[in-house]
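Positions are given from 1, in the same order as the sequence printed here.
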Amino acid sequence: MEDPHRRPENVSDETVEALGSLSKALETTERARGHLFSFHQLTGTADLELDRAVALLRKAGHVEWAERVERDILGRNVIPGHWTFQIVEAYDRTYYEAFKDLEREAVERLAEGRDHLYEAEMKEARRTRNHPDHTARPDSPGTRTPNSPFS
């Protein structure tokens with residue numbers, strides 16, 4: 001079986017570098033999307049905690065403050081017309097899915113579907129030959145498994 005991380009013939013250094021940069025940009029977008037989900041979950045957790053705050057304000061005799069929190073903050077849109085789940089959905093539909101699809105198509109058409117060529121070539125250039133923790137692939141002869149002694 002051919003190595004899925006070996007550069008196909010006729011794929012230039014520039015193409016490998018460009019696809020590596022495109023992949024890096026998508027990975028950064030993946031991180032941004034994760035932060036968006038964190039924003040969504042943290043905002044939702046805060047909104048649910050307001051139920052407790054309202055109850056405690058009422059119990060402490062601060063009915064006006066409890067009503068103000070309920071009226072002005074509890075369930076409030078985070079931007080006009082949107083709760084956080086709607087922001088996540090819009091981000092996915094408008095930006096993330098288009099970016100992910102474009103990156104996948106570029107890899108398919110420009111590198112025969114072979115992912116991470118830039119990283120694979122960097123690994124090959126940086127690894128120490130004949131070292132059990134620097135083998136080319138998981139199935140390479142001499143690869144050390146997690147529970148085997150160094151030899």
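- Electrostatic pairing of R129 and E124 counts as a salt bridge here, judged by a charged N lying under 4.0 Å from a carboxylate O.
- Taken to the nearest 0.5 Å, the CG atom of L36 stands 11.5 Å off from the OG1 atom of T29.
- In this structure, OG1 in T45 is found 11.0 Å from CG in L50, a value given to the nearest 0.5 Å.
- Ring geometry for F85 against W83 counts as perpendicular: the plane angle is over 60°, on a 0 to 90° scale with 30° as the lower cut.
- Among residues at least two apart or in separate chains, salt bridge (Lys or Arg N to Asp or Glu O under 4.0 Å) pairs with a member in residues 34-55 are E49-R52.
- In this structure, OH in Y96 is found 6.5 Å from CG in L26, a value given to the nearest 0.5 Å.
- Ion pair E64/R68 not flagged as a salt bridge, since none of the NZ, NE, NH1 or NH2 atoms sits closer than 4.0 Å to an Asp/Glu carboxylate oxygen.
- Across R7 and S12, no two heavy atoms sit closer than the pair NH1-C, 3.3 Å.
- Within 6.0 Å of CG on N130 lie no more than 12 heavy atoms contributed by other residues, nucleotides or ligands.
- For the pair S23 (side chain) and L19 (backbone), a donor-acceptor distance under 3.5 Å is absent.
- Taking the six-membered ring for Trp and thresholds of 30 and 60 degrees, H5 and H116 have ring planes inclined between 30 and 60 degrees apart.
- Minimum interatomic distance between A111 and P8 (heavy atoms only, all atoms of both residues): O-CG, 3.6 Å.
- Put simply, V16 and L102 are part of two different groups of oily side chains (I, L, V, M, F, W, Y) that touch within less than 4.5 Å, one to the next.
- Remark: N10 CG is loosely packed, at most 12 non-hydrogen atoms of other residues, nucleotides or ligands lying under 6.0 Å away.
- Linking Ile, Leu, Val, Met, Phe, Trp and Tyr residues whenever their side-chain heavy atoms come within less than 4.5 Å leaves L56 and W65 in two separate clusters.
- Contact between T135 and P132 at its shortest, heavy atoms only, is CG2-O, 3.9 Å.
- A 4.5 Å side-chain heavy-atom check between F37 and R33 finds at least one atom pair inside the cut-off.
- Rounding to the nearest 0.5 Å gives a distance of 14.5 Å between NZ of K24 and CD of E103.
- Contacts of E105 classified as salt bridge (charged side-chain N to carboxylate O under 4.0 Å, His left out), with partners at least two apart in sequence or in another chain: R109.
- Under the 4.5 Å side-chain contact rule for hydrophobic residues, L117 and M122 share a cluster.
- Note that the CZ atom of R126 and the CD atom of E121 stand 14.5 Å from one another [nearest 0.5 Å].
- Across all non-hydrogen atoms, the minimal contact from E70 to R58 is OE1-NH2, 2.5 Å.
- Atoms CD1 and CG, on I87 and D92 in that order, are 12.0 Å from each other to the nearest 0.5 Å.
- G20 approaches Y118 most closely through the heavy-atom pair CA-CB, 3.9 Å.
- L42 and L48 fall into different hydrophobic clusters, defined by Ile, Leu, Val, Met, Phe, Trp and Tyr side-chain heavy atoms under 4.5 Å apart, directly or through other members.
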Audit row: E27, R31, side-chain contact (heavy atoms from CB on, under 4.5 Å) steps and yes/no:
CA-CA 6 Å; E27 289 169 5; R31 289 181 59 208; over 6 Å; no
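- The shortest distance between side-chain heavy atoms of R104 and E108 falls below 4.5 Å.
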